[in-house]
Number of protein chains: 2
Amino acid sequence: MFRIDPLSEAPLFAQLAASVRTAAAAGRLRPGDRLPAAREMAASLGVNLHTVLHAYQDLRAEGLVDMRRGRGAVVTDAAGPLASLHSEILALSRSARGLGLSPDAIASLVKEAALEL
Amino acid sequence: MFRIDPLSEAPLFAQLAASVRTAAAAGRLRPGDRLPAAREMAASLGVNLHTVLHAYQDLRAEGLVDMRRGRGAVVTDAAGPLASLHSEILALSRSARGLGLSPDAIASLVKEAALEL
DNA sequence: TGATTATTCTATAACATTTATAACAGTGCT
DNA sequence: AGCACTGTTATAAATGTTATAGAATAATCA
């Protein structure tokens, strides 16, 4: 359910956070769902425990998951509204790819725009 | 016209490339316009020449600028189509910020979506 | 209680970024 | 031709980021 590309230039923790984020936006993760335990996720992805925790803590800082010792990481209600962006994100991605833009360039444009709001 | 935030976690060269990219999408840079000479841009931003060149060469790899020794960096025709994305990018950014998403989270979602196309 | 979980800390190695110099090689103007 | 401008290439050093490893601590749940 969560993928990582060891050959990608992006940091592993960022890739994992992005994968979870996208799963929520796509509706594959819903509020109340529990993420795999950090050690379990680390083992299944073949990365270090701290790398997974770094990703999980980024997601918590965003409010997408709720984490507590002994309980694990649970998806919050923030995942609902997130899913409402799905079609809009898909439409922009298609337009931009159609112009030959790279995923990085598209992301850069959107990030700059969001920063200015 | 081009801004950089020394306190941001993002690499300086990436920030500069993003700034130029956004200027093109916003129509503030048009095909045929010339970017400031690398040494001049470096002096005005307070960064090293190589940092600016790194950004410029990323933009050339994307096809957004054309670079030659002695002539400088000139914006290509690719800037035209890019501007057509402007309103769509702005609309998505507003929707996402309205949901409380950070610029990084929004960019991550869009990048993932673009990667899967 | 015992098992599971996240949290925190130290330490290390590998890699990326930025800086600093310097020399080199096209371009365009006088 | 000569000159001032431009990007290009090379080398090196300093700094920051990322990923790994191991260990100890604390909260949760059955």
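Protein chains get the first letters and strands the later ones, always in sequence-line order, with residue 1 at the start of each. Values reported hereafter were calculated over all heavy atoms of this structure, with side chains retained and with hydrogens, waters and symmetry mates removed.
In this entry the distance linking CD of B:Glu40 with C1' of D:dT6 reads 11 Å, nearest Å. Taking atom CE of residue B:Met41 and atom P of nucleotide D:dG7, one finds them 10 Å apart after rounding to whole Å. For B:Phe13 and D:dG16, the CZ to P distance is 17 Å, given to the nearest whole Å. For the pair A:Arg34 CZ and D:dC29 C1', the computed distance is 10 Å after rounding to whole Å. Nucleotide D:dT28 holds its P atom 8 Å from the CZ atom of A:Arg71, rounded to whole Å.
B:Leu53 and B:Ala38 make their closest contact through CD2-CB, 3.6 Å (heavy atoms, listed as atom of the first residue, atom of the second, distance). Here the closest heavy-atom approach between residue A:Ala78 and residue A:Leu64 is recorded as C-CD1, 4.3 Å.
In this structure the side chain of B:Ile4 never reaches within 4.5 angstrom of the side chain of B:Ser19, judged on heavy atoms. Contact annotation: the side chain of B:Arg97 approaches that of B:Pro103 to within less than 4.5 Å [non-hydrogen atoms, C-beta and beyond]. Using a 4.5 Å heavy-atom threshold, the side chains of A:Arg21 and B:Glu112 count as separate. Using a 4.5 Å cut-off on side-chain heavy atoms (C-beta onward), A:Arg71 and A:Asp66 make contact. Side-chain atoms of A:Leu85 and B:Leu92, non-hydrogen and from C-beta on, do get closer than 4.5 Å to each other.
Comparing A:Ala10 and B:Gly70 along DNA chain D, the residue whose closest nucleotide (by nearest heavy atom) sits nearer the 5' end is B:Gly70. Each of B:Glu9 and B:Gly72 lies near DNA chain D, and the nucleotide nearest B:Gly72 is the one positioned closer to the 5' end.
Using a distance-only test at 3.5 Å, with no hydrogens or angles considered, no donor-acceptor pair links the side chain of A:Glu62 to the main chain of B:Ala105. Remark: the backbone N or O of A:Arg30 is paired with a side-chain donor or acceptor of A:Asp33 at under 3.5 angstrom.
Rounded to 10°, the angle separating the first-five-pair axis and the last-five-pair axis of the helix from C:dT1-D:dA30 to C:dT30-D:dA1 equals 40°.
A:Arg68 comes within 4.0 angstrom of the backbone, heavy atoms only, and of no base.
From the 5' end on, the contacts that DNA chain C makes with chain B at under 4.0 Å to a non-hydrogen atom open and close at C:dT17 to C:dG28.
Checked for salt-bridge contact, A:Glu116 and B:Arg3 meet the test: a charged N lies under 4.0 Å from a carboxylate O.
A heavy atom lying under 4.0 Å from DNA chain D marks the following residues of residues 46-58 of chain B, by number: B:His50, B:Leu53, B:Gln57.
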Problem - Working for side chain to side chain contact (heavy atoms under 4.5 Å, CB included), residues A:Asn48 and A:Leu12 - result: CA-CA 10 Å; A:Asn48 190 270; A:Leu12 301 180; over 6 Å; no
